Enquirer: 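Questions regarding the structure given below will be posed in turn.
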Amino acid sequence: MALQALPSSWVAFRKILSHFPGELSLAFAYGSGVFRQAGPSSDQKTAMLDFVFTVDDPFAWHSKNLKKNWSHYSFLKVLGPKVITTIQNNYGAGVYYNPLIMCDDRLIKYGVISTNNLIEDLLYWNNLYIAGRLQKPASLAVSQEFTGFSL
């Protein structure tokens, strides 16, 4: 039996994505905020929504997102998009996360990864960080600008 995303997920995802620069090659959501979890303490309305945004040009995307969502970033925002992109691409798993963000009355976190790093991780398991996230249930969260395929 396939695990189903919550019925209102698509509307909520699209609304949340509208708060971010639209240049996404892919966006997906995963975790307990997206999929019903077993157990008595599984309140989907208060569970954090976890997103990964895949972008072709992280520098350009962070530049636009800093203008639009300055408060989402840590102290690194004062160092600018070049430093943020350098840290994203050269340390850890190639993903830059902004955690504990309130967006449309929901707590979210979102990671940004370059399209090239995502493809490398999926093909060669360089980190298994994002590839590992995609081994669990995930739901595509397509932006309004994304027209690669229909759902």
Side-chain angles (χ1 to χ4, degrees), residues 2-6 8-38 42 44 46-66 68-69 71-77 79-104 106-151:
L3 195 59
Q4 296 294 315
L6 297 171
S8 61
S9 295
W10 285 101
V11 173
F13 295 165
R14 289 184 70 105
K15 191 172 179 191
I16 288 170
L17 287 178
S18 72
H19 292 273
F20 298 95
E23 294 84 1
L24 303 174
S25 57
L26 176 69
F28 66 88
Y30 61 94
S32 62
V34 181
F35 296 97
R36 221 178 280 316
Q37 305 291 307
S42 59
Q44 308 307 130
T46 59
M48 181 183 297
L49 288 175
D50 302 318
F51 290 94
V52 172
F53 300 157
T54 306
V55 299
D56 291 336
D57 184 346
F59 176 80
W61 194 89
H62 284 297
S63 296
K64 291 176 183 176
N65 198 44
L66 280 163
K68 200 168 187 177
N69 297 302
S71 65
H72 290 189
Y73 288 83
S74 70
F75 73 93
L76 292 175
K77 64 187 162 197
L79 302 175
K82 183 176 181 181
V83 170
I84 292 168
T85 302
T86 299
I87 289 170
Q88 172 184 324
N89 288 332
N90 297 319
Y91 298 96
V95 185
Y96 184 87
Y97 267 96
N98 285 320
L100 303 174
I101 307 299
M102 287 304 294
C103 188
D104 287 335
R106 288 294 307 262
L107 186 62
I108 71 166
K109 73 177 176 196
Y110 61 95
V112 181
I113 186 171
S114 73
T115 304
N116 288 340
N117 283 346
L118 173 67
I119 291 168
E120 291 285 316
D121 198 33
L122 293 174
L123 289 176
Y124 305 113
W125 294 1
N126 294 340
N127 302 288
L128 281 176
Y129 188 78
I130 297 300
R133 298 264 171 308
L134 291 172
Q135 294 299 312
K136 303 174 194 173
S139 179
L140 288 178
V142 180
S143 73
Q144 292 175 349
E145 290 80 14
F146 187 83
T147 57
F149 62 92
S150 60
L151 299 172

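As the structure is a prediction and not an experimental result, all values here were calculated from the model. Computed from heavy atoms alone, side chains included, the values below leave out hydrogens, waters and symmetry copies.
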Enquirer: If every non-hydrogen atom of Asp121 is compared with every non-hydrogen atom of Leu128, which pair is closest and at what distance?
Expert: OD1-N, 2.8 Å
Enquirer: Examine distances only and state if a side-chain atom of Gln88 and a backbone atom of Pro58 form a donor-acceptor pair shorter than 3.5 Å.
Expert: no
Enquirer: How far apart are the closest heavy atoms of Thr86 and Tyr91, and which atoms are they?
Expert: O-CD1, 4.2 Å
Enquirer: Looking at OG of Ser71 and CE of Met102, how far apart are the two atoms once the value is rounded to the nearest 0.5 Å?
Expert: 12.0 Å
Enquirer: Would you please test Val112 and His62 for side-chain contact (heavy atoms from CB on, under 4.5 Å) and show each step?
Expert: CA-CA 9 Å; Val112 181; His62 284 297; 3.9 Å; yes
Enquirer: Closest heavy-atom contact between His19 and Cys103?
Expert: CD2-SG, 3.5 Å
Enquirer: Classify the ring geometry between Tyr110 and Trp61 as parallel (under 30°), tilted (30 to 60°) or perpendicular (over 60°).
Expert: perpendicular
Enquirer: Return the CD1 to CG distance between Ile101 and Asn69, rounded to the nearest 0.5 Å.
Expert: 8.0 Å
Enquirer: Could you tell me which non-hydrogen atom of Pro99 sits nearest to which non-hydrogen atom of Lys109, and how far apart they are?
Expert: CA-CB, 3.6 Å
Enquirer: So which heavy atom on Leu17 is nearest to which on Ala27, and how close?
Expert: CD2-CB, 4.2 Å
Enquirer: Assess whether side-chain contact (heavy atoms from CB on, under 4.5 Å) is satisfied between Val52 and Leu134, documenting all intermediate values.
Expert: CA-CA 10 Å; Val52 172; Leu134 291 172; over 6 Å; no
Enquirer: Given 3.5 Å as the limit, does a donor-acceptor pair link the side chain of Thr54 with the main chain of Ser25, or not?
Expert: no
Enquirer: Counting N and O atoms only, with roles assigned by atom type, does the side chain of Trp125 sit under 3.5 Å from a partner on the main chain of Ala131, one being a donor and the other an acceptor?
Expert: no
Enquirer: Decide if atom NZ of Lys77 counts as having more than 12 heavy atoms of other residues, nucleotides or ligands within a radius under 6.0 Å.
Expert: yes
Enquirer: Assess the pair His72 and Phe20: is the distance between their ring centroids shorter than 6.0 Å?
Expert: yes
Enquirer: Of all heavy-atom pairs between Tyr129 and Ala93, which one has the smallest distance, and what is that distance?
Expert: CB-CB, 3.4 Å
Enquirer: Nearest 0.5 Å please: distance from the CD atom of Glu120 over to the CG atom of Asn127.
Expert: 10.0 Å
Enquirer: When you look at NZ of Lys82, are more than 12 heavy atoms from neighbouring residues, nucleotides or ligands closer to it than 6.0 Å?
Expert: no
Enquirer: Any sub-3.5 Å donor-acceptor pair from Arg106's side-chain atoms to Ala47's backbone N or O?
Expert: yes
Enquirer: Passes side-chain contact (heavy atoms from CB on, under 4.5 Å), Ile108 versus Asp50? Steps please.
Expert: CA-CA 6 Å; Ile108 71 166; Asp50 302 318; over 6 Å; no
